[in-house]
Enquirer: 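Below are the structure tokens for one structure; questions will follow.
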Number of protein chains: 2
Amino acid sequence: MGSPTFSPLYRQIKALLLESLRSGAWRPGEAIPSEMDLASLYKVSQGTVRKAIDELAAENLVYRRQGKGTFVATHGERQVRFRFLRLAPDSGEPGAVERRLLEFRRARASAEVARMLELKAGDPMVMIRRLLVFGEDPVVLEEVWLPGTLFKGLTASAVSEHRGALYNLFETQFGTRMVRAEEKLKAAAADEAGAALLGVEPGHPLLAVERVSYTYSDKPVEWRRGLYKTDHYFYRSELG
Amino acid sequence: MGSPTFSPLYRQIKALLLESLRSGAWRPGEAIPSEMDLASLYKVSQGTVRKAIDELAAENLVYRRQGKGTFVATHGERQVRFRFLRLAPDSGEPGAVERRLLEFRRARASAEVARMLELKAGDPMVMIRRLLVFGEDPVVLEEVWLPGTLFKGLTASAVSEHRGALYNLFETQFGTRMVRAEEKLKAAAADEAGAALLGVEPGHPLLAVERVSYTYSDKPVEWRRGLYKTDHYFYRSELG
DNA sequence: CTAGTGTCATATGTCTTATAAAAGACACAA
DNA sequence: TTGTGTCTTTTATAAGACATATGACACTAG
């Protein structure tokens, strides 16, 4: 029978809005046009625009403020950070996090990374290796791989001098906003190098976390591999 | 200023629907009354009922089928199982899972369990210890704690003879439906007993997973502690 | 001059109504 | 017996009217 080529009006509107987000026409933190403006622009009712925006809000791409407007979501907000960094302390409130850059280099995509990011093996990449220190405690050792073409002007000093989440830097300086991510977790034993950096004995059990992050339209644009020391922190997961 | 004691109509309807779900008036898998019926019952428009049900559907408490009706969500469906058991094989499709009951007994709540489940230490509990075997491979060793009062007639044979998820048994036999859960993950080294059951050497790195499950209205009703062997399986987590 | 208060413009939120589309049951015909 | 049209019931979509929240700004009492 006929393929599901039909799309209701509000979804077509949503697609148009998504395109404006993706293209960067509306920047993170800024307000998008009002529902009424969009309604008259697209020649539909406010309610239809509303339903389109409702779905974008449900996907955390925008957020609404009654009386003020609808705003493009951003990684600058505190709240968003905890959605992507899922470690919480066993007791007490999460404290400050210090990010120590260990290595920054340009390299070629391995077959594994290329497959994850839908690139070709050998494509230019940026690789970042760093240590996250909570208070005095080194907790996360991770490696971040990014497509070199998307992050052309990225430098070691930009990364090491940046305060706040990497995703914040990416969206403000490179116009690439991470929208969601998928993680795969395993338990692993610390090797010599990792143990030294995390301040544990070799063989110490660690959480091995592999992440693929996606920007708009489910396009994968980042691959990470991290080792988490879970002696005083745990990984939060919600099932629902 | 006045406290936020105001609640829009659709939320009041939602609360009424929730109460029908909680009380068991509408059973898992069954259809709830049509939007029109509910609208005339509560003397509001279909759209208002609709918005109430929208929120319930977003919380996975019910699901809609155009042309058929709206149904109470259930743990019987395959789809729901993967929301609560987040292990996936490194490659291939997930196979059959065998559940081996190791221990079943009634006991008193420890201070720790009591705190998690909002009970008093010493309250009667049911404790289940079991092994999940994927194919031939023992992968999960876990301990489940339940309030004895809620699960009065629960027996070892009911558990060991039941096919399918425990949550399925709970909802069909005891009218308690698990709606969501929170997990805390750490890496741990296998002890002697655990290693033997999971078929690894003592000291082998394992995923330690602690879960609190909630029924309607965020009432906690189950506490679990599991050890996951992640040699051939990984824990899936979505950030978004 | 200043602190408070009222008013207005504009934004999202709520609610209703009308109509469309999906699903299944059933009658009927080839 | 098998398909096909049609009717009923259900959720889905769309539009419009009205409510509420917010912030800016003007006005006024002190």
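Naming convention: chains lettered A, B, ... in sequence-line order (proteins, then strands); numbering from 1 in each chain.
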Enquirer: Evaluate B/Arg180 against B/Glu182 for salt bridge (charged side-chain N to carboxylate O under 4.0 Å, His left out), listing each step before the verdict.
Expert: CA-CA 7 Å; B/Arg180 66 178 196 89; B/Glu182 290 176 3; 3.3 Å; yes
Enquirer: To the nearest 0.5 Å, tell me how far B/Thr48 OG1 sits from B/Leu38 CG.
Expert: 12.0 Å
Enquirer: Check step by step if salt bridge (charged side-chain N to carboxylate O under 4.0 Å, His left out) holds for B/Arg27 and B/Glu30.
Expert: CA-CA 6 Å; B/Arg27 307 191 66 86; B/Glu30 284 180 6; 5.2 Å; no
Enquirer: Would you compute the distance between atom CZ of B/Arg86 and atom CG of A/Leu239 and round it to the nearest 0.5 angstrom?
Expert: 5.0 Å
Enquirer: Could you measure the distance from the OG atom of B/Ser213 to the CD atom of B/Glu222? Nearest 0.5 Å is fine.
Expert: 4.0 Å
Enquirer: Check each residue of residues 15-23 of chain A for a non-hydrogen atom within less than 4.0 Å of any atom in DNA chain D, then write out the ones that pass by number, or none.
Expert: none
Enquirer: What's the verdict on ring pair (Phe, Tyr, Trp, His ring centres under 6.0 Å) for A/His75 and A/Phe84, showing C-alpha distance, side-chain angles and the deciding distance?
Expert: CA-CA 9 Å; A/His75 283 278; A/Phe84 284 83; 5.1 Å; yes
Enquirer: Taking atom P of C/dA23 as reference, at what distance in whole Å does atom CZ of B/Phe71 sit?
Expert: 12 Å
Enquirer: One pair to check against side-chain contact (heavy atoms from CB on, under 4.5 Å): A/Asp54 and A/Leu56. What are the steps and the verdict?
Expert: CA-CA 5 Å; A/Asp54 274 345; A/Leu56 297 176; over 6 Å; no
Enquirer: Are a donor atom and an acceptor atom from the side chains of B/Glu142 and B/Tyr228 found within less than 3.5 Å of each other?
Expert: no
Enquirer: Round to a whole Å and report the spacing from NZ of A/Lys43 to C1' of D/dA15.
Expert: 16 Å
Enquirer: Please write out the pairs of protein N or O atoms and N or O atoms of nucleotides 12-15 of chain C separated by less than 3.5 Å, giving the distance to one decimal.
Expert:
| unit_1 | atom_1 | unit_2 | atom_2 | d |
| --- | --- | --- | --- | --- |
| C/dT12 | OP1 | A/Thr70 | N | 3.3 |
| C/dT12 | OP1 | A/Thr70 | OG1 | 3.1 |
| C/dT12 | OP2 | A/Glu35 | N | 2.8 |
| C/dG13 | OP2 | A/Arg50 | NH1 | 3.4 |
| C/dG13 | OP2 | A/Arg50 | NH2 | 2.3 |
| C/dG13 | OP2 | A/Arg64 | NE | 3.3 |
| C/dG13 | OP2 | A/Arg64 | NH1 | 2.8 |
| C/dG13 | O5' | A/Arg50 | NH2 | 3.0 |
| C/dT14 | OP1 | B/Tyr10 | OH | 3.3 |
| C/dT14 | OP2 | B/Tyr10 | OH | 3.3 |
| C/dT14 | OP2 | B/Lys51 | NZ | 3.4 |
| C/dC15 | OP1 | B/Leu9 | N | 2.6 |
| C/dC15 | OP2 | B/Leu9 | N | 3.2 |
| C/dC15 | OP2 | B/Tyr10 | N | 3.0 |

